[in-house]
Amino acid sequence: MAGWRRPLKILRWKIYRCRYLLCLLTSQVAILGLDFYLSAAISLQPYYWVPVVLSILFVSPRQVFLLSALAFAFTVLAGFYWGYFLSADYLSVVLSTIVVSTISVLISIRIQRSIKVQKNLEERYRLLAENASDIVIFAQPDHCIRWVSPSLQSVLDWGLEDWIGSRVASFIHSQDRFILETLYAKAIFPEENTTKHEQSIRIRHKNGDYRWFSIRVAAVKDEAGQPIGFVKGFRDIHDQVRSQQALREERAQLRAVMDSLIDPHVLLTAIWDDKGNIVDFRYTDANPAACLYNQMTREQLIGKTLLEILPAHKASGLLDHYIQTMQSFEPLILNDYAYPHDIYNEERRFDIRAVRVDNALSYTWRDVTDRYQAAQQLAESKERCQQLAQRWEFAMGAGDIAIYEADLRTQTAFYSPGLLKQLGYQEGDWSDRLDEWWQRLHPEDILLIEQNLKVNFTDQSQPNYTTEYRIQHRDGSYRWILDRGKVMSYDDEGRPLSVMGVNVDITSQKYTEQELSRQAKTDELTGLINRREAIARIQALCALDRRHGKEFAVLFCDLDCFKDVNDHFGHLAGDTVLQVVARRIKLAIRSNDFAARIGGDEFLVVLQGVHSLKNAVVIAEKLRYVVAQPISTDAGCVAQTMTIGVTLIQPAETIDTLIARADAAMYQGKQSGRDRVIPFA
């Protein structure tokens, strides 16, 4: 029985495929039988070719030919049967049958070819849609999805059954659905010379996330111009959109960095003449510091030429320096450059840095006139010391040095005109009351002065005293005074009765000392403290009692492959990387912690009040993460990583041992592949 099933199944399939042919054959036989049944006066021979004509709509050309041959055979058979085989009417019927059959076969061949071409086109379009990376959807006028290309599963991970029968809008981000409605309207009523419309929307992935796609909608219309469906094409542009967003964010970050710079920075585009020579530059960008320095708004500055705003650039030679930088591609570095500033109408001193960027010059400067003048003053200090003796008499007369005498019994004092001049007062502005002097002292210095005078006044073996303090100027600021005095008389109980002294204004020297002290403790490039200051602070921490909560950790940080940055991007970019790394470290630690640059690309971070090595490692991981973020430089974006060794101070441990342990942990991290935090217990 099983052996007969397959042949029977094949037979049933063939009969089903030939059902139209069988019907037409049956009709022909029925017409022939009816013709034989009726009388000779009623001839049905013209109707033999009716099934032939009908067959061109249902069967193949070969089957039409078969029906035509059968109709011809029936016509001949009917002629013999009724005996009018050679009559004129019969011959005309035969001839008509032959013509109709021939025309039917030809029409069937043409229809079959047209159907075949249409099927081939449909198959090609189907294969194109199914194998394209884009998602193609066909939806009815009510926007219900009826077909979707298989690429849906590979792009969005949805199954075809998840979409078919649903509406596209249910998978679109709620904020983008109005775009889809707009595309439908434009597809139905297209603008002139426009048949397709494209927009960017977000489509929900099966995992719940949304991805960006470019959608294009075309309306399928009937002969009356009414829409019978919509074809929608979705092209995945998620990575492109994300890249554009990242680029916009990076540009915004770069703009924020440039705007936050204290130093002025501008971008100058070269202006070339017909001979290919640079004749001027045009402002195309400027940060707020540059606008402020040039006393112009950004709108006023952008678009102006350099010589239009600062014509002295040509006579001073600065323009030639810029042109040389553009031609040689070498960075421009000028220090203490004297320039007769056009806006300030005086000679100013500048540190200038410029590099070529495409057809433009990235240019920054720093006004170091005050620094230059301070350096000049320091250089002249030796000469002033040598002439101090000669100037003393002149200073006394000019009032640069103030002399005072105080009567401690009456709490009154005498001041020379020099004191009033030092502090900007006129005669009559300051009474002889001693408490008025106390009222003008800086609040932070009063206690120190009281303690100093108490020690010197009670010790008659050292009647001379020297103290420094701040006293208020008439303009509200404070001036540093060097006060050198002597107790002139005592009462019988050893209490001072009168004192006499000299006041010298040392404000400029104090500021110079503070600046020199800061420079001695600070790394010039990064602004962090240097190695010497870091060691001093660690020694101070080691001297404290290590009570609960007073432990501290040392993080030895070393940048990975920093030499490659200098070799590939240049030392200027390397300096930028060091500055950004230092700034990120400083922002990431607490106010009571401190960071230092102890070598070329080595940093030391001290964390106070950590409770365990694990706690210190967590902070170190945070530092490693923030440093690893991309760093923008003039030479390109740098991805810099850092290896950190972490350790806690041990009892009775020297500083060298402490740092060596942290260094050893860092070295272990280098050996393990870099960009990691290694604790050392």
- Flag, side chain of N287 to backbone of D263, donor-acceptor distance under 3.5 Å: yes
- Electrostatic pair D351:R366 at N-O distance under 4.0 angstrom: no
- Query: Which class fits the ring pair Y293 and F350: parallel under 30°, tilted 30 to 60°, perpendicular over 60°?
  - Reply: perpendicular
- Indicate yes or no: at least one non-hydrogen side-chain atom of R584 is less than 4.5 angstrom from one of I631. yes
- Message: Within the 4.5 Å heavy-atom criterion, are F594 and I538 side-chain neighbours or not?
- Response: yes
- Task: May I ask you to test the T633-L572 pair for a side-chain heavy-atom distance under 4.5 Å?
- Result: no
- Message: Is it true that T647 and R661 share a donor-acceptor pair across their side chains at a distance under 3.5 Å?
- Response: yes
- Between N615 (side chain) and V610 (backbone), is there a donor-acceptor pair under 3.5 Å? no
- Before accepting this row, confirm whether a basic side-chain N of the pair R371/D336 lies closer than 4.0 Å to the acidic partner's carboxylate O. yes
- Message: For R349, is there an ion pair with D370 - N to carboxylate O distance below 4.0 angstrom?
- Response: no
- S477 and D475 side chains, donor-acceptor separation under 3.5 Å: yes
- Query: Can you check whether T325 reaches V355 side chain to side chain, under 4.5 Å on heavy atoms?
  - Reply: no
- Message: Within the structure provided, determine whether I309 and Y283 are in side-chain contact (heavy-atom separation under 4.5 Å).
- Response: yes
- Message: Whether the side chain of N294 engages the backbone of A290 through a donor-acceptor N/O pair (distance < 3.5 Å, no angle test) should be reported.
- Response: yes
- Distance-only side-chain donor-acceptor flag, T412 / D407, under 3.5 Å: no
- Message: Side chains of L482 and W480, heavy atoms from C-beta outward: is any pair under 4.5 Å?
- Response: no
- Under 3.5 Å: donor-acceptor pair, side chain of Q640, backbone of D560: yes
- Message: Determine whether a donor-acceptor pair (N or O, by modelled atom type, separation under 3.5 Å) exists between the side chain of R282 and the backbone of G303.
- Response: yes
- Please report the C-alpha distance between Y363 and Y322 in whole Å, then the side-chain angles of each, then the deciding distance to 0.1 Å, and finally whether the ring-ring contact (aromatic ring centres under 6.0 Å, His included) criterion is met. CA-CA 9 Å; Y363 173 70; Y322 300 164; 5.0 Å; yes
- Would a distance-only check, ignoring hydrogens and angles, find a side-chain to backbone donor-acceptor pair under 3.5 Å from D285 to L267? no
- Query: Do any N or O atoms from the side chain of R470 and from the backbone of I481 form a donor-acceptor pair under 3.5 angstrom?
  - Reply: no
- Determine whether W365 and V266 make a side-chain contact, defined as any pair of heavy atoms from C-beta on separated by less than 4.5 Å. yes
